[in-house]
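Chain letters run A, B, ... following the sequence lines, proteins first and then strands; every chain starts at 1. Below, each value reflects all heavy atoms present in this structure, side chains not excepted, and no hydrogens, waters or symmetry copies.
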Amino acid sequence: MRAFLTLTRRELTMHFVSLTGYVVIAGVQLLLGQSFWTLLDALNNKPFDMPVTEKFFDTGFFWLVLLLVTPAITMRTYAQERATGTFETLMTTPIGETQVVLAKFCGALAFFMIAWLPAAAYPFLLRHYAEGMAPVDAGPVAATLLGIALLGSFYMALGCFASSLTRSQIVAAMTTFAIGLGLFLLGYLSQIRPPEPGWQAQLLVHISMLEHMRDFSRGIVDTRHIFFYLSLTAFFLFLTHRVLESRRWK
Amino acid sequence: MRNETEQPASFSASRRWGQALNFVLAVLAAAALVLLANHLATRHYARVAWTDNANFKLSPLTRQVLQSLTNTVRVVVYYDRAEALYTPVTALLKEYSLANPRVEIEVVNYVVEPAKAELIKARYRLTPQARDLVIFDANGKTKVITQSDLSEYDLAAFVVGRDRDIRRTGFHGERLFTSALATVADPATPQAYFLTGHGEHDHGNSSHDVGYGKFAALLLDSGVRLAPLRLAGTNTIPADSRLLIVAAPQIPLDSSEQEKLEKYLQGGGRMLLLLSYNSRSGLEPLLARWGVEIGDNTVIDERNSPPASGSVLVNQFDPHPVVGPLASARLPLQLVLPRSIGRRAGHQQNADAAKVTELAATSEAGLAVRRVRNGPQSSALRERQGVIPLMIAVEKGGIAGVADAGATRMIVAGDSYFLDNQMIEAAANREFAWQAANWLLDRPQFLGGIGPRPVREHTFTITAAKMRRLFWILVAVIPGASLALGLVVWIRRQR
């Protein structure tokens, strides 16, 4: 356990000892802030049918930031270690592969959540500056953070897997972006295709991240969504573990 | 040295193939586990709302109706996506479908899918002008809900010029969808009759204030067939009658009609008797035999009567299934000049006798006033003071929770105007009508009550100066702080 915590701390601090981690956080906050402000500017003084925070997660801005920031965080997890030659040193230490995989994943997820955390202040910031706003309902804010954490854990696991496949950070980032975008677009089909009876439509709704995030931002926590993300996270972490294990074949 | 050469090579081709096969099988097994876990998760799930916003919560009644569904119900949303109600309609129906996958939703956008729209029109025999509908289809029964039924509007603000547009203030989706669902899913269609011929409220009149058209529409919505019934001459109460509604007769029923009514009730009939302050039913002796006492008076409640209105807000309820939900939701009834209706003094509440429950009463400030006419002069006499019962439920021969045609049920209310076209929407009168009808029809799955969901309009105002400040905070201060911290760390590490 101590080795796992030490490794996780090492992974997390790696983001903060260089300028890169701060640049990533600043980039995330810049994109989110600009998107949120654009939405506020568009809705100012106009009646609309859902809370502005809910509307924000229903726009493309949120997804753009999510899909772009994930590769930036995870591309270095294994690829950089392989490129700099520290990977073999790490793997020959008396630490199991499972611990390495989990520590790198937890470190990346913790950094991801830190990068998003300032966005939790947006509803309160809006409440402070806007007139005629209803009090902030803490439930949907908490559910939204839970949704971001679940989405993040899935994308972090996917990114770790992509990074474990190559020694090039660019290739790792592109792979993460491509698979992440593909899965997102698959779920997006349920939005553009009118609902029809049948298992195909049910499957599309089940994997639709837009639908999941819509529920979370309304304050609805559905165990199906939680299972979906946790099972996929576990699956990609398992794949990463197998990839690390495969070095013994060579 | 010899031993080393005898050991098999660690990375032989066959071993590598074996590892690769092992890898593929492990990945396939993990993928199968993920699929199974998700399949199980979709079958056994919970949906919890971490919000006070009731728009995403289905009422207990809707959940009850959805749980009782055994057949597939097909719901066709025949809508233009650009319509304002498209989103709330589909979002609500999605909640229904999530609560029970037997509710299958099909969306047909008649603007972009004309061929499909024609098929729907032909299948449900819709008129060429039909648009923006929600169609419920099951067991060969269909129920069509139009867009105009779904909304409640604030016309007053528009009329006085406060608003330029007519604003939508309420969304009746859940009430209408649940009743439509229950109607098409229930293979039986109960028959109810409105007694006529004595100056009763007209159930076919939806325009006049004292008509019962809206009440009749509510019954039709819950899947009840309606017909008028005259008891004069040789007419009898039909055997298929599941409910008889007697809405404030102005001419007393004659002895032969009373006999037919008595026979009907003794045979397990169900009756909703509404007696206003000015009605003359002549049913007092019959009701006395069932343990009911009808007061010849008018009741006021000094604590709960709006000034100079003649109406009484009633919020003292028994935990009976008819009014229990109103009590738990703290919804009052608004009655108009009610008369007292209570349990007859000395009525035996033993196993063989009819069980009489006083459903609603005034507060302790209730006052029953008897009107005494002395020629052209009239004077009011204080008859009673204190808690005065205003409506009762009578049940005889039934076993709680068991549908039994032999069980007599009756609700007698000391007012009839509270369910007329003008008053049915006031307070929780509509909910009472729904509850009373479904208790009398022995449909426990319909008991609960759903009010309209308020339509919340979100709006905010930020001045130009504050918008500029917000821009700098969001785009410069927050990202800049992170960048500045990064620079400090970087500079310190450079030293």
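With a 4.5 Å cut-off on side-chain heavy atoms, A:Gln29 and B:Val477 do not count as touching. Residues A:Leu40 and B:Phe460 form a side-chain contact, since some pair of their non-hydrogen atoms from C-beta on lies under 4.5 Å apart. In this structure the side chain of A:Leu125 reaches within 4.5 angstrom of the side chain of B:Leu474, judged on heavy atoms. B:Glu95 has its side chain within reach of A:Ile220: a pair of non-hydrogen atoms, C-beta onward, lies under 4.5 Å apart. Contact annotation: the side chain of B:Met467 never approaches that of A:Tyr129 to less than 4.5 Å [non-hydrogen atoms, C-beta and beyond]. Considering only heavy atoms from C-beta on, A:His128 stays 4.5 Å or farther from B:Lys466 through its side chain. Side chains of A:Leu126 and B:Ile462 form a contact here, defined as non-hydrogen atoms less than 4.5 Å apart.
Looking at B:Ile473, the atoms closer than 4.5 Å to chain A (heavy atoms on both sides) all sit in the side chain, from C-beta outward. Looking at B:Arg469, only its side chain comes within 4.5 Å of chain A, counting heavy atoms on both sides. Interface remark: B:Ala31 contributes backbone and side-chain atoms alike to the contact with chain A (heavy atom separation under 4.5 Å). For B:Val489, the part sitting under 4.5 Å from any heavy atom of chain A is the side chain, from C-beta outward, and nothing else. For B:Ala26, the parts lying under 4.5 angstrom from a heavy atom of chain A are both the backbone and the side chain. Neither the backbone nor the side chain of A:Ile114 comes within less than 4.5 Å of any heavy atom of chain B. The contact between A:Phe238 and chain B is made entirely by side chain atoms (from C-beta outward), counting heavy-atom distances below 4.5 Å.
Without hydrogens or angle criteria, A:Ser231 side chain to B:Val34 main chain gives no donor-acceptor distance under 3.5 Å. In this structure, the side chain of B:Trp50 does not engage the main chain of A:Val141 through any donor-acceptor pair within 3.5 Å.
Between B:His39 atom NE2 and A:Phe227 atom CZ the span is 13.0 Å, to the nearest 0.5 Å. Taken from CZ in A:Phe16 to CG in B:Leu485, the straight-line distance is 8.5 Å, to the nearest 0.5 Å. Taken from OG1 in A:Thr20 to CH2 in B:Trp490, the straight-line distance is 11.5 Å, to the nearest 0.5 Å.
Heavy-atom minimum distance, A:Phe235 versus B:Val27: CE1-O, 3.8 Å. A pairwise comparison of heavy atoms in A:Val17 and B:Arg493 identifies O-CD, 2.8 Å as the closest pair. Residues B:Asn38 and A:Phe228 share a closest heavy-atom pair of OD1-CA, 3.3 Å.
Put simply, of A:Gly139, A:Pro118, A:Ala26, A:Ser18, the one with the most heavy-atom pairs under 4.5 Å next to chain B is A:Ala26. Chain A forms the most heavy-atom pairs under 4.5 Å with one residue out of B:Leu470, B:Val75, B:Thr72, B:Val76, and that residue is B:Leu470. In terms of non-hydrogen atom pairs under 4.5 Å with chain B, the most contact-rich of A:Ala234, A:Ala121, A:Gly33 is A:Gly33. Chosen from A:Leu230, A:Asp215, A:Asp41, the residue pairing most often with chain B at heavy-atom distances under 4.5 Å is A:Asp215. Each of B:Ala46, B:Ala30, B:Ala476 has some count of heavy-atom pairs under 4.5 Å with chain A, and the biggest count is that of B:Ala46. Contact count versus chain B (heavy atoms, under 4.5 Å) is highest, among A:Leu31, A:Val205, A:Ile226, A:Ile25, for A:Ile25.
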**OP:** Just do the side-chain contact (heavy atoms from CB on, under 4.5 Å) check on A:Arg242 and B:Val24 with the steps written out, would you?
**Re:** CA-CA 10 Å; A:Arg242 299 298 291 187; B:Val24 171; over 6 Å; no
